[in-house]
Amino acid sequence: VAGCFRAPLAARVGRGGGPGRWARAPALRSDRMPLAIFDIDGTLTRTTALDDNCYVRAIEAGLGVSGFDTDWANYAHATDSGLLEEIARRTLGRGPTPEEWLRVRRVFLELLAVAAGRAGAVTQVAGAGALLQLLAARGWGVALATGAWRPSATIKLSTAGLAWEG
């Protein structure tokens with residue numbers, strides 16, 4: 001798993017916490033906490049196509065390449081970092097330089113932030129928010145396992161109304 005961050009959740013807090021904020025779940029009396037692990041794109045948010053479009057454009061701009069395979073199933077590691085590394089090797093015959101890596105990441109996050117800011121561009125998968133609230137209310141910990149760069153995950157979750165701490 002490329003990135004995994006965990007934070008126990010509770011029900012949304014209204015007073016003091018404001019809408020869209022999660023309070024930490026109370027400690028369980030047992031030494032074991034049940035844990036649910038979710039992916040983000042396509043599981044909690046409807047962002048797969050948006051993410052793919054921004055990522056392809058960032059690779060094109062950041063590496064100066066086009067026409068590469070955009071079927072992520074054809075890559076060894078379908079994560080933001082893994083795809084960048086393999087696309088550079090396939091198209092340029094080498095890994096990305098540190099400057100290219102930073103440029104692709106910066107352009108991707110800029111494109112994603114703009115695209116996600118459009119009304120209705122990012123939504124929750126039906127029932128995702130309610131499920132997270134239910135799990136939190138029942139004392140479950142919730143973790144995210146994602147191949148996305150952390151700022152990308154944060155943009156998608158917050159835009160979908162699934163604020164995340166962790």
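Start at 1 with the first residue, then count along the sequence.
- Within the model, atoms CG of D80 and CG of L109 stand 8.5 Å from one another, a figure rounded to the nearest 0.5 Å.
- A chain of hydrophobic side-chain contacts below 4.5 Å, direct or via other Ile, Leu, Val, Met, Phe, Trp or Tyr residues, connects L102 to L112.
- Residues L92 and V107 do not share a hydrophobic cluster, defined by chaining ILVMFWY side chains whose heavy atoms lie under 4.5 Å apart.
- Taking 4.5 Å as the limit, some side-chain heavy atom of L44 sits within range of a side-chain heavy atom of L144.
- Residues L157 and V122 do not share a hydrophobic cluster, defined by chaining ILVMFWY side chains whose heavy atoms lie under 4.5 Å apart.
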Start with the C-alpha gap between V125 and F38, add the side-chain angles, then the distance that decides, and say whether side-chain contact (heavy atoms from CB on, under 4.5 Å) holds. CA-CA 12 Å; V125 168; F38 296 97; over 6 Å; no
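- Side chain of Q124 to main chain of G129: a donor-acceptor pair is present (N/O by atom type, distance under 3.5 Å, no hydrogens or angles).
- What you find for G95 and A88 is that their closest heavy atoms are C-CB, 4.0 Å.
- Between the CZ atom in R46 and the CG atom in D51 there is a gap of 15.5 Å [rounded to 0.5 Å].
- Below 30°, between 30° and 60°, or above 60°: for Y55 and W149 the angle between ring planes is between 30° and 60°, a tilted geometry.
- Residues V65 and I59 are in side-chain contact: their nearest non-hydrogen atoms beyond the backbone lie under 4.5 Å apart.
- Salt bridge status for E99 with R103: absent, with no side-chain N to carboxylate O gap under 4.0 Å.
- A distance of 9.5 Å separates CG in L162 from CD in Q133, rounded to the nearest 0.5 Å.
- The aromatic rings of F68 and W72 lie parallel to each other, their planes meeting at an angle below 30°, with 60° marking the opposite boundary.
- Side-chain contact between R105 and P151 is present, with heavy atoms from C-beta onward closer than 4.5 Å.
- Within the model, atoms NZ of K156 and CG of L50 stand 8.0 Å from one another, a figure rounded to the nearest 0.5 Å.
- By the criterion of side-chain heavy atoms lying less than 4.5 angstrom apart, applied directly or through intervening Ile, Leu, Val, Met, Phe, Trp or Tyr residues, L63 is grouped together with F108 in one hydrophobic cluster.
- Within the 4.5 Å cutoff, the side chain of D39 has heavy atoms near those of the T146 side chain.
- A distance of 12.5 Å separates CH2 in W140 from CG in L132, rounded to the nearest 0.5 Å.
- Taking the side chain as every heavy atom from C-beta outward, R57 and N53 approach each other to under 4.5 Å.
- Minimum interatomic distance between A116 and I155 (heavy atoms only, all atoms of both residues): CB-CG2, 3.8 Å.
- Linking ILVMFWY side-chain heavy atoms closer than 4.5 Å, directly or via other members, places L111 and I87 in two distinct hydrophobic clusters.
- The CG atom of L83 sits 9.0 Å away from the CG atom of D52 when rounded to the nearest 0.5 Å.
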